[in-house]
Protein chains: 2
Amino acid sequence: MTAPGPSSAEGLAATFAALGDPRRLAIISRLQDEGALSVSCLSEGADVSRQAISKHLKTLSEARLVSSVKSGRETRYNLEPARLEAANAFLVQVAAKWDQALQRLKLQLE
Amino acid sequence: MTAPGPSSAEGLAATFAALGDPRRLAIISRLQDEGALSVSCLSEGADVSRQAISKHLKTLSEARLVSSVKSGRETRYNLEPARLEAANAFLVQVAAKWDQALQRLKLQLE
DNA sequence: GCTATACGCAACCTAATTGTTGCACGTTTG
DNA sequence: CAAACGTGCAACAATTAGGTTGCGTATAGC
């Protein structure tokens with residue numbers, strides 16, 4: 001499996017796709033608030049099974065949005081901000097070009 | 001159809017999901033570079049049919065990432081940056097909390 | 001050693017996504 | 001008016017995503 005780079009169109013789309021699920025966003029929020037957590041811990045409050053959460057973590061892990069460290073019989077998952085920053089950079093760039101377009105429009109009207 | 005707000009978990013996930021496709025990212029890039037474009041124009045260079053592009057535009061439109069204006073027999077699609085900024089805000093917030101966590105870790109080590 | 005815990009993997013089901021083709025309808029244009 | 005253009009909608013097939021259940025394996029604790 002050749003993992004696509006974080007800034008290519010495919011890699012970027014994969015990052016956004018991984019972010020495109022309410023449960024995964026909730027997982028990210030919890031990891032952001034509480035630090036590294038295990039699958040069982042993340043599954044406690046959820047309304048789906050542990051395996052569902054585990055699948056979501058696998059998705060996030062394949063998108064390089066989280067990393068996992070095994071510690072005894074537990075596996076702790078943690079945020080991995082690199083891809084988040086790549087996604088952020090894309091959105092910032094689009095917003096910047098949008099502002100440029102607005103500026104040009106403004107100049108044309110004057 | 002009750003449209004979810006842009007900052008709710010569902011609305012945010014819907015925004016990211018709409019961004020999570022290479023063709024839709026390509027459409028956004030073209031709209032960003034060339035301004036408002038029609039379906040036919042966007043379909044010319046693509047390797048899929050015009051209807052496929054039209055469906056992607058519908059997806060982007062339902063996610064409020066683009067808006068459409070009918071002009072004669074053409075329909076021009078343009079970027080709508082509000083949701084992009086909401087998505088951006090989420091990523092920035094996650095990154096900020098990540099930095100806070102690093103700072104705390106650093107202080108603990110000292 | 002034995003039991004309970006934590007986890008991943010595989011099979012299966014259902015629903016959603018992505019793409020295609022064909023058609024209908026309004027708008028230009030000759 | 002008639003032909004061509006631009007578009008959207010419906011039906012269909014193929015793939016993917018999200019979820020469940022059951023099972024196997026390794027670690028922790030009594």
Side-chain angles (χ1 to χ4, degrees), chain A residues 1 3-4 9-28 30-31 34-78, chain B residues 1 3-4 9-28 30-31 34-78:
Chain A
M1 241 214 269
E10 294 156 17
L12 210 49
T15 301
F16 283 127
L19 291 170
D21 183 287
R23 293 186 207 282
R24 289 198 287 269
L25 283 186
I27 288 174
I28 288 177
R30 284 201 60 189
L31 293 182
E34 307 173 42
L37 296 176
S38 67
V39 184
S40 307
C41 183
L42 285 166
S43 307
E44 273 173 11
D47 56 345
V48 290
S49 67
R50 176 184 60 81
Q51 285 80 353
I53 300 293
S54 190
K55 272 195 183 180
H56 283 303
L57 283 169
K58 190 182 177 187
T59 301
L60 288 170
S61 187
E62 285 172 351
R64 309 279 181 192
L65 288 170
V66 304
S67 58
S68 62
V69 176
K70 291 184 69 172
S71 149
R73 64 180 166 184
E74 281 191 341
T75 305
R76 317 197 46 126
Y77 290 83
N78 209 347
Chain B
M1 245 219 272
E10 295 156 17
L12 209 49
T15 301
F16 282 127
L19 291 171
D21 183 287
R23 294 186 206 283
R24 288 198 287 268
L25 282 187
I27 288 174
I28 288 178
R30 283 201 60 189
L31 293 181
E34 307 172 43
L37 296 176
S38 67
V39 183
S40 307
C41 183
L42 284 167
S43 308
E44 272 172 12
D47 56 344
V48 290
S49 66
R50 177 183 59 81
Q51 284 81 354
I53 301 292
S54 189
K55 273 194 183 182
H56 283 302
L57 284 168
K58 189 182 178 188
T59 301
L60 288 170
S61 187
E62 284 171 352
R64 309 280 181 191
L65 287 170
V66 304
S67 58
S68 62
V69 176
K70 291 184 68 173
S71 148
R73 63 182 166 185
E74 280 192 342
T75 305
R76 316 196 49 126
Y77 290 84
N78 209 347

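Protein chains get the first letters and strands the later ones, always in sequence-line order, with residue 1 at the start of each. Quick caveat: nothing in here was measured; it's all calculated off a predicted structure.
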Worksheet item: Can you find a heavy atom in the side chain of A:Leu60 that is under 4.5 Å from one in the side chain of A:Ile28?
Response: yes

Practice prompt. Among A:Val66, A:Thr59, A:Leu19, A:Leu65, find the one that has a side-chain contact (heavy atoms from CB on, under 4.5 Å) with A:Arg24.
Written response: A:Thr59

Worksheet item: Looking for any heavy atom pair under 4.0 Å, which part of the strands does A:Lys55 touch: base, sugar-phosphate only, or nothing?
Response: base

Discussion item. At less than 4.0 Å, is any side-chain N or O atom of B:Tyr77 found next to OP1 or OP2 of D:dT7? Yes or no.
Written reply: no

Worksheet entry | B:Arg50 (side chain) donor-acceptor with B:Ser43 (main chain) under 3.5 angstrom | no

Worksheet item: Please give, in whole Å, the distance from D:dC5 C1' to B:Arg76 CZ?
Response: 15 Å

Practice prompt. Tell me, with the steps shown, if A:Glu44 and A:Ile53 meet side chain to side chain contact (heavy atoms under 4.5 Å, CB included).
Written response: CA-CA 10 Å; A:Glu44 273 173 11; A:Ile53 300 293; over 6 Å; no

Worksheet entry | Any N/O donor-acceptor pair, A:Arg50 side-chain to D:dG19 base, under 3.5 Å | no

Fill in: A:Cys41 side chain near A:Arg30 side chain, heavy-atom distance below 4.5 Å
yes

Worksheet item: What are the two closest heavy atoms between B:Val39 and B:Tyr77, and how far apart are they?
Response: CG2-CE1, 3.5 Å

Practice prompt. Look only at the side chain of A:Ser71 and the backbone of A:Glu74, and say whether a donor-acceptor pair between them is shorter than 3.5 Å.
Written response: no

Worksheet item: What are the two closest non-hydrogen atoms of A:Ala63 and A:Ala18, and how far apart are they?
Response: CB-CB, 3.5 Å

Worksheet item: How long is the line joining CD1 of A:Ile53 and P of D:dG19, in whole Å?
Response: 8 Å

Practice prompt. State, with a plain yes or no, whether a side-chain heavy atom of B:Val69 is found less than 4.5 Å away from one of B:Asn78.
Written response: no

Worksheet item: To the nearest Å, how far apart are B:His56 NE2 and D:dT7 P?
Response: 16 Å

Discussion item. Need one value for A:Ser38: base, sugar-phosphate or nothing, where a base atom within 4.0 Å counts as base even if backbone is also close, heavy atoms only.
Written reply: sugar-phosphate

Worksheet item: So which one's nearest nucleotide on DNA chain D is more toward 5', B:Thr75 or A:Ala17?
Response: B:Thr75

Worksheet item: Which nucleotide span of DNA chain C, 5' end to 3' end, has atoms closer than 4.0 Å to non-hydrogen atoms of chain B?
Response: C:dT18 to C:dT28

Discussion item. Can you build the contact string for nucleotides 24-30 of chain D? Use B for base contact, S for sugar-phosphate-only contact, and - for no protein heavy atom under 4.0 Å.
Written reply: ---BS--

